[in-house]
Amino acid sequence: MSARIDSLWPIAASDLDDEALLGLYAPPPGSWLRMNFVSSLDGAATRGGQSAGLGDDADRRVFELARRHADAVLVGAGTARAEGYGAMVLSGEAQAWRTARGMTRHPVVVLVSASLHLDSGSPIFADAPVRPIVYTVGGAPAGPRAAVGAVADVVEAGRSELDPLLVRADLADRGLVHIHAEGGPSLFGAFLAAGAVDELLLTLAPTLEGGSAGRIAHGPDGAPTLMALAGVLRAGDELLLRYRRSD
C-alpha cells in the first residue's frame, strides 16, 4: 500500500491517489526548472551523508511521481555518486503514463561535473535507456573528457566555472524544457545564484538531526530569492512543500 498523502493547501483533500498528485505537481508550459530536496526541521540536508536517510515512503512516492513530468533529470556528479544513482529507468506504469501524453519513455539524465572524473562504465551510463548529457567546463581534462564522451554527450557550459544559464539554454535547444533537478547543495547554490531556479519541492522531515550536515543549498555568494507558496501536502508528521519563484 502506498503512503497516505493528504492535501492541506491550496485544496483540502484526503488520501490522494497518484493521478491527483501528478496533477498537483504538473509544471506550467514553457521552460521550467525545479529543485527537489528533503530537509530536517533543523536544516540538515542529509543523514549519514545521504538525503535518502531523511526521506520516508511518502517522500519517495512524490520523488518518483515528480520525475514523470521531466524531460531531463539534472544531478550533480557528487550527488550521483553519494546517493548511488543508477540508470534513469522509470517503471512500466510511468513509461505508459508518459507515452500516453506524447513524451519519451524516460527522461534524459543530465550530470554536471567540472573535473569529469566519472566512471564511464557505471550503470548510470552503461544501462541508460537514453544517452546521458554531461555538462562541464572548458578546462576539463582531455583524458576523462574522451572517456565520458564515449558514453554521453559532453557539453561545455562555461570556461572555468559552470554557467547554469548556458545549461538551461542548451537543454531548451534540445527540446528538454521541463527540468527536474535533484541536487546536490552546490548545484542548487549555483543555479540559485544564476537566477535559474523556478520552483522548489521541499520535504520537511519531522526530525532534528544536529551534527555537521550541510544545508540544501550553498555557494560562495548569497542569492536572496523571494518564493511564493504553491502547495502543502501532509503525510503523517511530514510536510511536502512546493514553492514557486514569485518575481
Side-chain angles (χ1 to χ4, degrees), residues 10 24-39 43-46 51 62-63 66-67 69-80 82-83 88 107-116 132-140 153-204 214-232 239-247:
L24 289 174
Y25 283 99
S31 181
W32 193 254
L33 186 145
R34 66 180 168 201
M35 290 282 173
N36 188 98
F37 276 90
V38 60
S39 170
T46 58
S51 63
V62 169
F63 181 84
R67 282 181 170 180
H69 290 294
D71 298 317
V73 175
L74 173 67
V75 190
T79 294
E83 301 287 346
M88 190 59 59
V108 181
V109 64
V110 178
L111 297 175
V112 171
S113 174
S115 68
L116 289 179
I133 304 170
V134 178
Y135 288 98
T136 190
V137 295
D153 290 352
V154 178
V155 182
E156 289 184 15
R159 293 187 178 182
S160 59
E161 293 185 359
L162 188 92
D163 185 338
L165 297 180
L166 290 180
V167 172
R168 286 200 63 171
D170 185 74
L171 289 172
D173 287 344
R174 297 167 182 263
L176 307 174
V177 295
H178 290 153
I179 307 162
H180 184 74
E182 298 176 355
S186 295
L187 181 78
F188 189 7
F191 274 70
L192 188 61
V197 176
D198 299 304
E199 182 176 292
L200 171 65
L201 304 185
L202 177 63
T203 297
L204 196 57
R215 297 162 50 195
I216 63 172
H218 68 74
D221 302 310
T225 304
L226 191 62
M227 306 293 286
L229 185 65
V232 181
L239 294 179
L240 299 104
L241 309 174
R242 184 180 186 184
Y243 284 90
R244 290 183 172 182
R245 193 169 67 186
S246 60
D247 57 354

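All values below were derived from every heavy atom in this structure, side-chain atoms included, with hydrogens, water molecules and symmetry-related copies excluded.
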Point to revise | Sequence neighbours excluded, every pair satisfying side chain to side chain donor-acceptor pair (under 3.5 Å) that has a member inside residues 164-179 | key: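 Listed by first then second residue: S31-R168, Y135-D170, D153-R174, R168-D198, D170-R174.
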Practice item. Not counting sequence neighbours, list each pair that qualifies as a side chain to side chain donor-acceptor pair (under 3.5 Å) and has a residue in residues 217-229. Key: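 Listed once each, the pairs are S186-H218.
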Residues forming a side chain to side chain contact (heavy atoms under 4.5 Å, CB included) with [X], sequence neighbours excluded:
X    : result
P29  : none
A26  : H69
S160 : none
A190 : P164

Point to revise | Distance in Å, N36 CG paired with Y25 OH, rounded so as to fall on 0.5 Å steps | key: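 Here the rounded value is 8.5 Å.
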Check your understanding: Rounded to the nearest 0.5 Å, how far apart are NE2 of H180 and CG of D71?
Key ->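 It is 12.5 Å, given to the nearest 0.5 Å.
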Exercise for review: Could you go through the side chain to side chain contact (heavy atoms under 4.5 Å, CB included) check for L187 and T79 one step at a time?
Suggested key: CA-CA 9 Å; L187 181 78; T79 294; over 6 Å; no
Review point. Taking C-beta and beyond as the side chain, do F63 and V38 meet within less than 4.5 Å on heavy atoms?
Key: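 Counting from C-beta outward, F63 and V38 never come under 4.5 Å.
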Practice item. Kindly indicate whether the side chain of L202, heavy atoms from C-beta on, has any atom under 4.5 Å from the side chain of S39. Key: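 Yes - at least one pair of side-chain heavy atoms lies under 4.5 Å apart.
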Check your understanding: Could you go step by step and tell me if V232 and L239 meet the side chain to side chain contact (heavy atoms under 4.5 Å, CB included) rule?
Key -> CA-CA 7 Å; V232 181; L239 294 179; 4.3 Å; yes
Review point. Tell me the salt bridge (charged side-chain N to carboxylate O under 4.0 Å, His left out) pairs involving residues 29-38, sequence neighbours left out?
Key: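 For residues 29-38: R34-E199.
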Set of residues satisfying side-chain hydrogen bond (donor to acceptor under 3.5 Å, both in side chains) with respect to [X], sequence neighbours excluded:
X    : answer
T203 : D59
S51  : E83
E156 : R145

Practice item. Give the intermediate values and the outcome of side chain to side chain contact (heavy atoms under 4.5 Å, CB included) for residues L171 and L33. Key: CA-CA 11 Å; L171 289 172; L33 186 145; over 6 Å; no
Shortest non-hydrogen contact from [X] to [Y]?
X    : Y    : value
A80  : V75  : N-CG1, 3.8 Å
A66  : L201 : CB-CD1, 4.1 Å
R244 : A230 : CG-CB, 4.1 Å
S113 : A77  : CB-CB, 3.8 Å
L200 : I216 : CD2-CD1, 4.4 Å
L162 : T136 : CD1-O, 4.0 Å

Review point. What pairs with F37 under ring-ring contact (aromatic ring centres under 6.0 Å, His included), at least two apart in sequence or on another chain?
Key: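 Expected list: F188.
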